[in-house]
Number of protein chains: 2
Amino acid sequence: MIVKNDRQKQKELTKNAILKVAEEIVLQEGWQAVSIRKIAEAIGYSLPVVYNHFENKDAIQEEFVKNGFNMLAMAMQSTKEKYPEPEQQLTQMALTYYDFAFSNSAYYKMMFGLGIPSCQKANEIAEIGNFSAIIIEVISELMGETDKQRKFLKFHTLWSILHGLTSINMVNLTAAPDEMQQQILLDAIHGFIKNINN
Amino acid sequence: MIVKNDRQKQKELTKNAILKVAEEIVLQEGWQAVSIRKIAEAIGYSLPVVYNHFENKDAIQEEFVKNGFNMLAMAMQSTKEKYPEPEQQLTQMALTYYDFAFSNSAYYKMMFGLGIPSCQKANEIAEIGNFSAIIIEVISELMGETDKQRKFLKFHTLWSILHGLTSINMVNLTAAPDEMQQQILLDAIHGFIKNINN
DNA sequence: AGTATAAGTTAACAGTGTTAGCTAAAAGAG
DNA sequence: CTCTTTTAGCTAACACTGTTAACTTATACT
């Protein structure tokens with residue numbers, strides 16, 4: 001029925017409204033500042049209405065994690081298409097990764113916060129699979145062999161390097177100067193590519 | 001006075017008691033399960049007494065971060081002393097790092113949680129300096145030159161690799177099989193050492 | 001028009017970090 | 001040994017948090 005569609009449409013609308021207002025708070029004050037009450041007030045409904053669209057607060061966070069991985073995957077895919085050579089692609093994609101993390105640090109923190117609630121379910125998030133696939137594709141072109149497991153291993157190594165650099169700078173543990181950071185990243189990627197067939 | 005010493009002694013005693021009970025909760029249920037009320041009840045005092053020893057909850061967490069870095073530094077130093085060759089030392093120290101992170105994951109999460117509260121003050125924590133020094137020492141021996149900045153750069157790269165591997169496995173994002181993980185780590189360290197003079 | 005279903009409400013439960021204000025005990029001075 | 005000052009500790013409260021039960025109102029269907 002048309003009426004039923006209207007209902008569903010309305011439901012999606014308020015669901016989007018919830019995510020939108022949540023994002024505003026996340027970007028301005030971080031995830032810890034998001035509360036169900038703030039969301040409810042902002043969308044003009046009473047508190048329990050939020051629970052009609054999300055089972056709990058963690059479910060909202062999960063949406064941000066998925067969204068974040070999609071954004072990251074799109075950014076890297078777009079960078080990849082700008083360069084012809086795999087080596088160049090990978091290097092530039094690494095810079096894109098780093099850039100994404102700091103331009104969208106609120107998202108990045110939610111995606112990788114070690115206290116992530118859905119820790120067990122993290123490997124079930126499809127969006128991460130898409131992200132992985134994009135990188136593995138480039139790695140494949142750089143590697144002579146085609147052993148799936150070795151490609152996955154190399155992907156895992158690369159991702160670790162990227163995330164490690166990013167997160168250590170993010171918590172500002174070493175306070176490396178700004179101009180040094182890109183150098184470190186390029187140094188690490190260079191080493192990775194040089195060693196990709198070992 | 002002796003009396004004054006007794007007072008101070010008592011104060012330190014309850015401060016240690018607070019940290020001890022906090023650690024118990026952290027190890028069993030994680031940091032998010034720690035509450036000031038639980039601590040107060042466990043040490044047999046009323047709630048505000050905790051605030052006589054720590055300015056706020058974040059101050060307690062900071063203690064864990066410091067402690068964690070000391071434990072990690074000691075473990076790596078101890079491993080280092082077991083091997084004569086720098087290359088061997090670095091490889092084994094990497095394994096120790098990884099092992100520490102998963103044997104003391106509650107500590108590790110507090111040390112590196114991206115939502116770390118004292119984010120700005122993180123570079124002021126002296127314990128991190130000690131930890132850095134131990135690794136930089138080994139790197140120095142592996143590097144021909146002695147440019148301080150380049151050594152720091154290499155240290156930063158290595159730490160990023162270690163932390164990246166660790167934390168990505170910790171949030172279980174890729175679900176790499178267990179036997180693969182050590183291989184990845186060794187692969188990455190091998191690449192790092194091979195490239196250390198580039 | 002009357003009934004079943006869904007939407008939205010208020011109010012409460014069980015927590016959280018943090019602080020103001022009071023009381024009881026110990027320390028220092030006369 | 002008493003009196004005053006300092007300190008230790010307490011109760012109670014504030015302003016929040018996520019989550020849920022129970023009730024009301026409005027919509028849809030027979």
Side-chain angles (χ1 to χ4, degrees), chain A residues 1-19 21-22 24-26 28-65 110 113 115-119 121, chain B residues 1-19 21-22 24-26 28-65 110 113 115-119 121:
Chain A
M1 299 290 141
I2 300 168
V3 182
K4 208 171 187 180
N5 281 347
D6 271 11
R7 271 229 196 280
Q8 282 192 350
K9 214 170 186 178
Q10 173 64 22
K11 208 167 184 182
E12 253 184 68
L13 237 77
T14 62
K15 185 168 183 173
N16 287 341
I18 290 172
L19 290 172
V21 63
E24 269 171 39
I25 302 173
V26 164
Q28 277 166 26
E29 305 168 74
W31 171 248
Q32 106 290 342
V34 174
S35 89
I36 312 286
R37 277 171 182 81
K38 277 187 202 163
I39 292 174
E41 192 181 19
I43 63 170
Y45 281 111
S46 72
L47 197 157
V49 168
V50 180
Y51 286 90
N52 293 338
H53 301 89
F54 295 95
E55 199 187 340
N56 49 34
K57 208 190 170 188
D58 291 348
I60 301 178
Q61 171 162 14
E62 206 176 305
E63 210 75 14
F64 278 89
V65 173
M110 291 179 78
I116 197 168
S118 47
C119 217
K121 290 183 185 173
Chain B
M1 300 290 142
I2 299 166
V3 182
K4 207 170 186 178
N5 282 348
D6 271 11
R7 270 228 195 282
Q8 283 191 349
K9 215 170 184 177
Q10 172 64 23
K11 209 167 182 181
E12 253 184 67
L13 237 79
T14 62
K15 185 168 181 171
N16 287 341
I18 290 172
L19 290 172
V21 63
E24 269 172 40
I25 302 173
V26 164
Q28 278 165 25
E29 306 168 75
W31 171 248
Q32 107 290 341
V34 175
S35 89
I36 311 286
R37 278 172 181 81
K38 279 187 202 164
I39 292 175
E41 193 181 17
I43 64 169
Y45 281 109
S46 72
L47 197 158
V49 169
V50 180
Y51 286 89
N52 292 339
H53 301 89
F54 294 94
E55 200 187 338
N56 49 36
K57 208 189 169 188
D58 291 348
I60 301 178
Q61 170 162 14
E62 206 176 305
E63 211 75 14
F64 278 89
V65 173
M110 291 179 78
I116 197 168
S118 48
C119 216
K121 290 182 185 174

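Just so it is clear: chains get the letters A, B, ... in the order the sequence lines come, proteins before strands, and each one is counted from 1.
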If I compare all heavy atoms of [X] with all of [Y], which pair ends up nearest, and what's the gap?
| X | Y | value |
| --- | --- | --- |
| V65(B) | M110(B) | CG2-O, 3.6 Å |
| A42(A) | V21(A) | CB-CG2, 3.2 Å |
| Q61(B) | W31(B) | OE1-NE1, 3.4 Å |
| I18(A) | V50(A) | CD1-CA, 4.1 Å |

Item to check | Where protein sits on nucleotides 10-15 of chain D, one letter per nucleotide: B base, S sugar-phosphate only, - none, heavy atoms under 4.0 Å | outcome: BB-B--
Between [atom2] of [N] and [atom1] of [X], the distance in whole Å:
| X | N | atom1 | atom2 | answer |
| --- | --- | --- | --- | --- |
| Y51(A) | dC13(C) | OH | C1' | 13 Å |
| H53(A) | dA6(C) | NE2 | C1' | 12 Å |
| I39(A) | dT19(D) | CD1 | C1' | 14 Å |
| I43(A) | dA7(C) | CD1 | C1' | 13 Å |
| E41(A) | dC16(D) | CD | C1' | 14 Å |
| K57(A) | dG15(C) | NZ | P | 19 Å |
| D58(A) | dT19(D) | CG | C1' | 12 Å |
| K38(B) | dA14(C) | NZ | P | 16 Å |

Checklist outcome for this item: Sorted by chain and number, sequence neighbours left out, side-chain hydrogen bond (donor to acceptor under 3.5 Å, both in side chains) with T14(B) holds for H53(B)
Item to check | Residues in side-chain hydrogen bond (donor to acceptor under 3.5 Å, both in side chains) contact with S46(A), at least two apart in sequence or another chain | outcome: none
Item to check | Touch class at under 4.0 angstrom, heavy-atom based, for V34(B) against every strand present | outcome: sugar-phosphate
Checklist entry - Counting any heavy atom closer than 4.0 Å, what does N52(B) reach on the DNA or RNA strands: base, sugar-phosphate only, or nothing? => result nothing
Item to check | Residue whose nearest DNA chain D nucleotide is more 5′ - A33(A) or E55(A) | outcome: A33(A)
Item to check | Pairing residues for N56(B) by the side-chain contact (heavy atoms from CB on, under 4.5 Å) criterion, not counting sequence neighbours | outcome: D58(B), A59(B)
Item to check | Non-neighbouring partners of E29(B) that pass side-chain contact (heavy atoms from CB on, under 4.5 Å), sequence neighbours left out | outcome: I25(B), A33(B), K38(B)
Item to check | Angle of first-five versus last-five pair axes in the helix from dA1(C)-dT30(D) to dG30(C)-dC1(D), to 10 degrees | outcome: 10°
Checklist entry - Side-chain contact, heavy-atom cut-off 4.5 Å: F54(B) with L19(B)? => result yes
Item to check | Validation row: V34(B), I60(B) side chains within 4.5 angstrom (heavy atoms) | outcome: no
Nucleotide N/O to protein N/O under 3.5 Å, stretch nucleotides 23-26 of chain D:
none

Checklist entry - How would you list, by chain and number, every residue that makes a ring-ring contact (aromatic ring centres under 6.0 Å, His included) with F64(A), sequence neighbours excluded? => result Y107(A)
